[in-house]
Amino acid sequence: MHAAQKRQVYLDYSATTPVDQRVLDAMLPYFRETFGNPSSAHRYGKAAQQAVEAARQTLARLLHCRESEIVFTSGGTESDNLAIRGVAHASRDKGNHIITSQVEHAAVLKTCRLLEKEGFAVTYLPVDSHGRVDPDLVAGAIRKETILISIIHGNNEVGTINPIQEIGAIARQHGIPFHTDAVQSFGKVPLNLEEMPIDLLSLSSHKIYGPKGVGALFIRRGTPIQPILTGGGHEMGKRAGTHNVPGIVGLARAAEIMITEMASERREIGALRDYFWEQLRKRIDNVVLNGHPENRLYHNLNVSFPGCDGEALLMALDMFGIAVSTGSACQSGSVEPSHVLKAMGLENDRGTSALRFTLGRYTTREDIDYTLEVLEQVVPQQRQAQRKRP
Ligand SMILES: Cc1ncc(COP(=O)(O)O)c(C=O)c1O
């Protein structure tokens, strides 16, 4: 342990989460005892297939959709890729225009950029200062060639929740498939696919206390989709590759726990996050909240500490055992705010001094109190050091 470190505090639950013990317990039999290939015809295969189908049933029940509408993938990135490339490539004869936003995850943005090289046209909608996409802008961007609308549900950096019900309704009026990246929101915000006008929805297991490397894509019946991974006939021909059976079992168990405990976690983690923000404002001057003040994921606190350098602050907190994220990235030698903060208009100091704190199932009041104490010490020091820099 570093001399400065008195505790270990993990406040980066949006990056990933530890696997819940209950999830691990559910997965373990599928590594050695029930290890068969679900595609095999014998009893080993059948047992593994039953586990995959039970997991599919669970997810379908939790999302209020059909089992045949769930496709297991290797995670959020693949789900986003399958949704976007899959629909784009299956709809070439109908048109070449895609609508998305400037605050999507790279799994969406970079996929769209590559599709542009293939001749697709993409509209990247701007957002307001809270990082929210305006449904009217979506409606205004629709052309007769539009074949897909993809808008993130809960933003991974600033936690802002987009009005996907309204956006989906607009898409539906025009008969355009609507995809949403719900990797950060699934299990935190209620989602009912029977009632919501969503045609494709991405989720990932490692954000909900499940294992890494597994996720799912909901594809509403009738949505045009071309596979991106070809091979065997797995997943109804939509995603080839031998199933990650322990991973899929873990994803379903993790999802079940998230939904069962959604109300209590929202209350408890939300209260801790609110306490954190209230105390931060009291104890450190000039702190600014990024993202929507109310309409945001309950575990997210994205704060700018003007006068500080976010990267240096992150490293200082790490010395004290506290793990957080920044809202910036080093691009060609100079520190730039992330694309999300830039899209929200935070071009400068407010963007480069932003830290993302994301709380979770194992965060305690003591963790927050310790983090506050450390910030109270480190932020003024860093501000002073920054001022002294030539
Ligand atoms: C909003 C969002 N989409 C997609 C992903 C990618 O998910 P995965 O890590 O499972 O590939 C992430 C992960 O950071 C995310 O936050």
Side-chain angles (χ1 to χ4, degrees), residues 10-19 23 59 70-86 100-114 124 127 131-133 150-162 164 167 178-189 191 198 200-218 228-229 239 241 244 246-248 250-252 254-255 258 290-292 296-302 323-329 338-341 343-344 354 356-360:
Y10 184 78
L11 293 178
D12 207 9
Y13 280 83
S14 273
T16 196
T17 55
V19 173
V23 173
L59 266 191
I70 300 285
V71 171
F72 290 114
T73 67
S74 66
T77 299
E78 188 191 323
S79 296
D80 285 346
N81 269 264
L82 177 56
I84 293 164
R85 275 177 220 279
T100 186
S101 82
Q102 292 173 4
V103 296
E104 300 298 312
H105 189 270
V108 169
L109 284 179
K110 291 197 180 166
T111 305
C112 286
R113 293 244 181 269
L114 219 59
Y124 301 91
V127 291
R132 187 175 174 277
V133 177
S150 177
I151 302 290
I152 191 167
H153 189 202
N155 187 272
N156 47 305
E157 285 192 40
V158 294
T160 299
I161 297 170
N162 270 315
I164 53 167
I167 296 171
F178 173 52
H179 167 246
T180 191
D181 177 336
V183 165
Q184 293 289 344
S185 60
F186 174 73
K188 299 195 183 82
V189 181
L191 283 164
I198 297 168
L200 304 117
L201 179 139
S202 302
L203 58 94
S204 173
S205 153
H206 74 105
K207 310 288 187 184
I208 56 166
Y209 311 90
K212 293 169 182 60
V214 61
L217 179 67
F218 158 76
I228 52 173
L229 287 182
R239 197 274 183 183
N244 171 1
I248 290 169
L251 162 62
M258 280 304 282
N290 300 317
H292 201 285
R296 65 188 297 136
L297 297 171
Y298 63 73
H299 73 309
N300 173 298
L301 190 62
N302 190 307
V324 301
S325 280
T326 56
S328 50
S338 71
H339 69 283
V340 174
L341 298 179
M344 288 162 57
R356 179 188 74 176
F357 304 90
T358 42
L359 288 63

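Remember, predicted model here, so these are calculated numbers, not experimental data. As a basis for the values below, the full set of heavy atoms in this structure was taken, side chains included, without hydrogen atoms, waters or symmetry mates. FYI, the numbering just counts along the sequence from 1. Each ligand, and each atom within it, is numbered from 1 in the order the structure gives.
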List the residues meeting side-chain hydrogen bond (donor to acceptor under 3.5 Å, both in side chains) with [X], not counting sequence neighbours, and say none if there are none.
| X | value |
| --- | --- |
| Asn244 | none |
| Thr111 | Asn81 |
| Thr100 | none |

- request: Would you name the heavy atoms of Ser101 and Val133 that are closest together and state the gap between them?
  value: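 Taking every non-hydrogen atom into account, CB-CG2, 3.7 Å.
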query: Looking only at heavy atoms, what is the nearest atom pair of Leu59 and Phe72, with distance?
result: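 For Leu59 versus Phe72, the nearest heavy atoms are CD1-CE2, 3.7 Å.
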query: List by chain and number: which residues place a heavy atom under 4.0 Å from ligand 1?
result: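 The 4.0 Å shell around ligand 1 contains Gly75, Gly76, Thr77, Asp80, His105, Ile152, Asn156, Asp181, Val183, Gln184, Ser204, His206, Lys207.
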query: Judged by atom type as modelled, is there a donor-acceptor pair below 3.5 Å linking the side chain of Thr180 to the main-chain atoms of His153?
result: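 Flag set: sc Thr180 to bb His153 pair under 3.5 Å.
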